[in-house]
Each structure stands twice: as structure tokens, then as C-alpha cells.
Amino acid sequence: MKGLRTKQQSTLFARSMLCINQSPMHRLSTPKMKLLNLSLLVHLCSLVLVSAQSTDQPPFSCDSTDPLTKSYPFCKTTLPINQRVQDLVSRLTLDEKISQLVNTAAAIPRLGIPGYEWWSEALHGVAFVANISQGIRFNGTIQSATSFPQVILTASSFDPYLWYRIGQAIGIEARGIYNAGQARGMTFWTPNINIFRDPRWGRGQETPGEDPLVTGKYAVSFVRGIQGDSFEGGKLGENLQVSACCKHFTAYDLDNWKGINRFVFNANVTVQDLADTYQPPFQSCIEKGKASGVMCAYNRVNGVPNCADYNLLSKTARGQWGFNGYITADCDAVSIIYDEQGYVKEPEDAVADVLKAGMDLDCGEYLKNYTGSAVEKKKVSVSDIDRALHNLFSIRMRLGLFNGNPTKQPFGNIGSDQVCSEEHLNLALEAARNGIVLLKNTNKLLPLAKTETTSLAVIGPNANSTETLVGNYAGPPCKPITPLQALQSYVKNINYHPGCSTVNCSSDLTDEAVKMVKGVDKVVLVMGLDQTQERESHDRVELVLPGNQQKLITSIASAANKPVILVLLCGGPVDITFAKNDQNIGSIIWAGYPGEAGGRTLAEIIFGDHNPGGRLPITWYPQNLTKIPMTDMRMRPEPSSGYPGRTYRFYQGPKVFEFGYGLSYSNYSYEFLPLTKDKVYLNNQSSDKIALGYKSVSEMGNEVCEKSKFPITVGVRNDGEMDGKHAVLLFVRQAKAGNGRPIKQLVGFNSVDLKAGAKAEIKFELSPCEHLSSANEDGLMVVDEGSHFLSIGDKESEITVVFAADTSGGATLKQERDMVLPIILAFFYIHTFLCMLF
């Protein structure tokens, strides 16, 4: 990793600059020019001093003590950012401009601008990726950061406010690291909001799961938190705590499967699936979350590289959704357009395509190497470069990096004491507690009685690994505790054996492990996957547990005196049908990659100090799904060919566990409170369209859609003996099945704390235009007329959509119909009465 320039390097650099200024071309003769030369000398000396300072000095521009930069309009904070950026860009040479188009942006010493590193990661905590130049380092006074659960587990809490607080904590720690002088950038390429379409995807662990609504709400909550906005949004303003970047835009969910890699993969995606599955999370991230960054993905979609797609980047993101930020390519995504995909004839064409499409930043060297020649060949204009630079420098200014000493700016008071703080460690514990999912609990095996459990056998390759706990894209954790260590705080007499030498379990240590379970009260197996089995650049081929793990589990379960407890650490789902049906396996817990507090949380759940309430954010499929090529991007099923579809919304096939599944030590019951209305009247501008049986959301317009919203209240009761936190999921299904419609879809969710025996009312707002619609084959969101059924648990409530042939809002038409008939009858009776009189 490249750090700040050393004192010796800075001195040599300043000397070289001074030598340039003493050359005949730079000799200054007039008094005014001599004064300017003196100012430049002072400025360069200040750069040497800044570079020679200890690492507790964060890099910034526009130092108020620097007489040269003090006069620049781009340093005047009273001016609008747009005006400041225009001034800055106008001062740059072409070479300087090009040097800013890559992730490791060069310093511009003559303007007092230090180098900047755009690439930093903070997926579930401020991260560090070895051997890669990034903006964050952990080799100073701060050597760790809070490691929250991997995103897939955090999502299973179905708690947007928790997601917001995690983002907020990560943003605070990131800013604290910068203020401590251990950061060269404040732009973090997170969150990953791709849909977890295929269970084999190695990076599915990084996402909030398979549902577009959940993924979109996660994006909004997390981005608002990390960037410094309020939970409700709208209070961010210009100042960014840090910059978030929603990735990977778009339809990216294959890394390397059977030799097909993400660099060359062409995702064939229907406009229907784009409209209601792949694109909505990004739209939410931009429109509601106000993300300041977007990353375009490696892959092509329908033949066009994402980073070279004008319709995607400029027309959709910026034009339709109002994106106001920078767009970066994934690392080396520009180079592969020519080198791997062969999409263009020469490197300069790749540069031209991405800049004209609306991309601003290249993570790599391609723009640095070929933009100059692209300008010479007239494939790229300087205005294309200036457009990109405007977006880039606007973000740096919003981060306060051109406002002088950062300690005197907003967020300047965030110190190193807020990194790994007790508050954040407790939040990591809360996140793990609320995410972990209980999948099986036969005869209420769990929780174990503390007084009756005097001996314990802990078996498995994941039982004592802190590395497995944190997943990928993680930084060094503050105070990690493994499951084994945590269980040792409950039971002193513990027999431990890894069972396998590694998670791939190729070596057979079953006989040794079986000896450990003889005579103990209870057995806990901690199995699953790790980053050797699923990760970036590595998709799985199978859905079963690797190697001899199944053999080890069944052998231990058979040898144990009583039913065993199986804990699974993994991001993607595994087919554990054998364990689900094995009577010797009494309980199964899915813990994802639960972060540094995950070991403690597992022990708390096993011994009843916490009541689990997480619910699966993904479908767990059987092994036979692997017969379907991972490259098939279709969401909808095709019964004629036997294609079952993907995710709970469309999949027609057997499941190991379904989306939203999760047990608890309590039982919960639901009831729909009386609806304010059970019919929704939507107007139609043409009576001819009533016969179609559906209405386009875009045709109805915002006013009608807003007026059609109404509240739904659900009663929830904890019928158990333990307090618990419970995720309430509201689904809708249509009476008309098939024809591309979802089997059901999530339209609302919330999480509620309930004491034993307590009740609560959860309020949802139903928007017919959003929640009762689905995409048609043309990619238009449409609402079907007729019955729609809301469901929570085993309870359903019917809502009927009625179309009316008017343009006044629909509901008024029905009211007028109801009024007209009585009026006509009244006139008839009056007329008859008068006739009888006369």
C-alpha cells in the first residue's frame, strides 16, 4: 500500500520543482513576478513541511496558512461548489487532468493539492485488503476497526434502523481514521446491492439477499448512515461524512463459474427482469439514499459493457433517477472492454466509450495511459474530461478536502477514541444477535439449561477461527471472540476437536472427533464454509457441504448421547436436507459470517441469554438446482423447458428452507386489523383500456398513485415465555397466477421488540402503484385489476383493485355513480306523485 510521501521524497520533489523554476523559461524578472516566485517557494516549503509531519496530519487542500492557495477561488468556501470546481478544473493542464481520472489521483503541488486515493472499502466495517493500494491503513495509532456481521446476516434482521446505525458507525470510524492521519481517501466503494439471484455466487454474502425491496431499503438506510444523513433522509446537505458508492451497476452476480468469468460474461437480461428485479435497488440507492457514488460492473448486459453504456449511466442513472455524483469503473473494467471483451478496435476507443457514456473514474491505469492519445486521435474531447473532473472534484469538496484544516471543519471532532468504541462493539453484538437464524429446534432442544450442561464437546473447523467470523472485505477486528472461546465462558469442561484440518474437509479426522463426544452432556458442531469456498472470483459448483463435512456431522450425531446442535457459518445457502431430516440433529443455527461478536452471540443463543429472531433473506435450494447453468439470468420460470425460475418471487421447485423462514424460542401470532378500505379505485384515461385488465403505473401518474396510498395495521403478539425481537414480513400475492407475475412479493417489513405475552401494532403504508405492481414483458410496471391478497404468517386479507374510466382520480367516479341512481329515482317518484295529483 502506498502511504504518504516520505520526507526525503518530498524534499527531492520540492528541489526538482525549484530547479524547474530556475530554468531560463521560468526565470522571473519583474517585481510582481519575483513576489509570485517567492510565494511559490513558500508554498513548496509548506508542502515539504506537511509531508514531513507525523502521520497524525490528514492530507487536505487550501491551507489557510499557505499564501498561494489562499487566493484561489476554488479555495473560497463562500462560493458554490459548482463555481469552485470550474475554477479548479480551468487551472489544470491536460496532463494534470488526465492524472485525476484514475483511482490513485496524483498530487498537483503547484496548486497545493495532495494526492488522493479513491479506492477504500467498508462493506461491514472499515476494511483493509492486503497488497492493494487503498485510502485506509491500519499501521498507525489505529490498528483495527469494528467488524460488523457480513451483510447477508445483517439483512436477516429485517431492521432498517439497525442497518442505518451500522452505516453511521462505519462512517464515524472512517472519518476518525482520516482525522488520525491514516487515510488518503474518504470514498468508500460500498454497499454491494446486487440481487443474490443464484446461491452459488461467491459474493452473495456481501449483499442483503434476493429481494429487491429489502436490498433497496438496505441501500437507502446504510448510505444515509455512512454519509452522515438522518435516518429519514433529507438532512444531508452538501457536507459528506464519507462518500458511499452503490455497486455493481448492473445485473452482476457471477464471478467465476466453470471457467466463465465476470470479465467476459455477457448477461442476457430481459427488460422485464431489469425493471422489477435488477434495477430497483440502484434506483432506491440514488433517489432515496442520495448515494454520491455508483460503480459500473465488469460484465456486459445484452452485449454492451456496463461502463460503456450511455443509456445505463447517463440516461437512466443521471437522467431518470437524478444521480448527482461520480461513477467509477470496477477495477480494470475499462481495460477489459478492449483486452478481454474485444468490444472495441483499439484502447482509445474504450476510453472514448466510457467517458462519453458518463463514467468518471477508472480504477486502474487505462485512462491514465490512453486518454492523451484518445484526445490526439480526436476520439475524446477535453470537454468529456472536464465533465468527469467536475463530478470528481465536487465529491472531494463535499468531503471538505478543499476547505482547509479538517479539524476545524464538520466531522473534524471525530477522534480515534470513536474507533472500536464500546458503543460500536455493542452495536456489532446487537447486529449479530438480531441476524442469526434458528432453522430447526426439535423438542425445544435449545436453549440448553446452564445448570444441567456440565460438559460440552465442540467440533468443527469453524469453531475456533476468527478469520471465518468476519467474512470478506473486512478490516482487522477490535476484540474478536470465536464460538469455542465464548462457549468456554459458559461451560468449563469442554472437549474440542476441529474434525477437519480445513473447511474443505478433505482429510478424514472423524474417528478422532468421535472420541471427543463420548460421555459429554451436549455436542455443538460448528461447520459450514469460509472464504476458500465462496468469495470474490470464486463461485461454488455444488450446494452441499464441502468434502467430508456431511460424513463428520452424521457420524458425530450418531455417536452422541443426545441430539446435537449444528451451527453453520456460511454466506450462501447450503443443502443440508440430510441434517434437517436427521433425528439425531436436534437444532440447526445459521450464523452467516457474524462478525467479531458472532462467537459470543452464538453462545448466548445456545444457552438462552438471547432469543433468536432472524429470518432468511434468501431461499435455500436443494443440490439439484446446480443442473441449471449459473449463466441463465432469467427470473421467471419457463415450465415448458423445466426451468424453475429464481428467488422466492418466481421459483417453482423444492426448497430446503424458504425466504423469510426463521424460528424463535417464542411463538408469534398475527391479525389484520380492519382495513380502512378493501377496494382500490384507480382511474383510467381511456375506457378502452379497462378491457385490458391492467394499468400502467406511468400512465396513472404521481398524483393518482399518491392518493391511492392507504394504511394497513397488523397486530402481533408474543405467545411465548421469553422476550424476543421479531421481524414482521408483509407479502402480497395476486389471484391471477402465472404470466410473469410473482408468486408473491414482499411489500413491507419491520422489526419489533415484544415482552413475553405482549402485543404490538405494526403500521404499514400500502402504495398500490408500487406494491401491487409488477413488470410486464415491455418492462413497464403495471397494476392488475382484481383481487390481491395481503399475507402475514397464515393470515390473509383481500384487496380488490378496480379501474374506473375517468380522469378525476377514480374513486370519485364510484361516488358519483352511487349518488346518481338515488337522484334519478327521486325525480321519478316526484314526477309520478305530481302526475297523480294533477
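Residue numbers count from 1 along this sequence. Keep in mind that the numbers below use all heavy atoms, side chains included, and drop hydrogens, waters and symmetry copies.
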Test side-chain contact (heavy atoms from CB on, under 4.5 Å) applied to Gln272 and Arg636, step by step: CA-CA 9 Å; Gln272 186 176 29; Arg636 270 90 178 160; 3.6 Å; yes

Do any side-chain atoms of residues 185-193 form donor-acceptor pairs under 3.5 angstrom with protein atoms, and if so which ones, sequence neighbours left out?
{"from": "Thr187", "atom 1": "OG1", "to": "Tyr116", "atom 2": "OH", "distance (Å)": "3.0"}
{"from": "Thr187", "atom 1": "OG1", "to": "Trp118", "atom 2": "O", "distance (Å)": "2.7"}
{"from": "Trp189", "atom 1": "NE1", "to": "Tyr326", "atom 2": "OH", "distance (Å)": "2.8"}
{"from": "Thr190", "atom 1": "OG1", "to": "Ala122", "atom 2": "O", "distance (Å)": "3.4"}
{"from": "Asn192", "atom 1": "OD1", "to": "Asn194", "atom 2": "N", "distance (Å)": "3.2"}
{"from": "Asn192", "atom 1": "ND2", "to": "Glu206", "atom 2": "OE1", "distance (Å)": "3.0"}

Hey, does the side chain of [X] reach the backbone of [Y] with a donor-acceptor pair shorter than 3.5 angstrom?
{"X": "Asp360", "Y": "Ile327", "value": "yes"}
{"X": "His610", "Y": "Arg433", "value": "yes"}
{"X": "Lys290", "Y": "Glu287", "value": "yes"}
{"X": "Ser156", "Y": "Pro617", "value": "no"}
{"X": "Thr207", "Y": "Gly209", "value": "yes"}
{"X": "Gln745", "Y": "Ser773", "value": "yes"}
{"X": "Asp229", "Y": "Lys235", "value": "yes"}
{"X": "Arg398", "Y": "Leu240", "value": "no"}
{"X": "Arg535", "Y": "Gln531", "value": "yes"}

Quick one, Glu534 with Tyr593, criterion side chain to side chain donor-acceptor pair (under 3.5 Å). Give me CA distance, side-chain angles, the key distance, then yes/no. CA-CA 12 Å; Glu534 54 173 354; Tyr593 296 119; 2.6 Å; yes

Just wondering, do [Y] and [X] contact through their side chains at under 4.5 Å, heavy atoms?
{"X": "Leu754", "Y": "Asp723", "answer": "no"}
{"X": "Val697", "Y": "Cys705", "answer": "yes"}
{"X": "Gln320", "Y": "Gln283", "answer": "no"}
{"X": "Thr619", "Y": "Phe659", "answer": "yes"}

Check whether NZ of the Lys or CZ of the Arg [X] lies under 6.0 Å from the centre of the six-membered ring of [Y] and within 45 degrees of that ring's axis.
{"X": "Lys247", "Y": "Tyr473", "value": "yes"}
{"X": "Arg733", "Y": "Phe789", "value": "yes"}
{"X": "Lys217", "Y": "Phe749", "value": "yes"}

Within a radius of less than 6.0 Å around [atom1] of [X], do more than 12 heavy atoms belonging to other residues, nucleotides or ligands occur?
{"X": "Lys655", "atom1": "NZ", "value": "yes"}
{"X": "Lys795", "atom1": "NZ", "value": "yes"}
{"X": "Glu423", "atom1": "CD", "value": "no"}
{"X": "Lys763", "atom1": "NZ", "value": "no"}
{"X": "Lys736", "atom1": "NZ", "value": "yes"}
{"X": "Asn426", "atom1": "CG", "value": "yes"}
{"X": "Lys755", "atom1": "NZ", "value": "no"}

For Ser147, all residues meeting side chain to side chain donor-acceptor pair (under 3.5 Å), sequence neighbours excluded: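 For Ser147 there are no side chain to side chain donor-acceptor pair (under 3.5 Å) partners, ignoring immediate neighbours.
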
Side chains of [X] and [Y]: is there a donor and an acceptor less than 3.5 Å apart?
{"X": "Thr250", "Y": "Asn306", "answer": "no"}
{"X": "Gln227", "Y": "Ser292", "answer": "yes"}
{"X": "Thr647", "Y": "Asp211", "answer": "no"}
{"X": "Glu796", "Y": "Ser791", "answer": "no"}
{"X": "Thr146", "Y": "Glu173", "answer": "yes"}
{"X": "Thr270", "Y": "Asp273", "answer": "yes"}

Report the relative orientation of the aromatic rings in [X] and [Y]; use parallel for angles under 30°, tilted for 30 to 60°, perpendicular for over 60°.
{"X": "Phe231", "Y": "Tyr161", "answer": "perpendicular"}
{"X": "Trp620", "Y": "Phe657", "answer": "perpendicular"}
{"X": "His248", "Y": "Tyr252", "answer": "perpendicular"}

Should the pair [X]-[Y] be classified as a salt bridge under the 4.0 Å nitrogen-to-oxygen rule?
{"X": "Arg200", "Y": "Asp539", "result": "no"}
{"X": "Glu761", "Y": "Arg717", "result": "no"}
{"X": "Arg165", "Y": "Glu430", "result": "yes"}
{"X": "Asp253", "Y": "Arg197", "result": "yes"}

Decide ring-ring contact (aromatic ring centres under 6.0 Å, His included) for His771 and Phe731; before the verdict, give the C-alpha distance in whole Å, the side-chain angles of both, and the deciding distance to 0.1 Å. CA-CA 9 Å; His771 299 138; Phe731 293 92; over 10 Å; no

Of Glu210, Arg649, Arg646, the residue whose pairing with Thr277 passes side chain to side chain donor-acceptor pair (under 3.5 Å):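 Answer after filtering Glu210, Arg649, Arg646: Arg649.
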
Tell me which pairs pass ring-ring contact (aromatic ring centres under 6.0 Å, His included) where either residue lies in residues 206-226, with sequence neighbours left out.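 Matches after skipping sequence neighbours: Trp163-Tyr218, Tyr218-Phe222.
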
Let me know which of Lys725, His726, Arg615 forms a side chain to side chain contact (heavy atoms under 4.5 Å, CB included) with Ser751.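 So the option named by the test is Lys725.
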
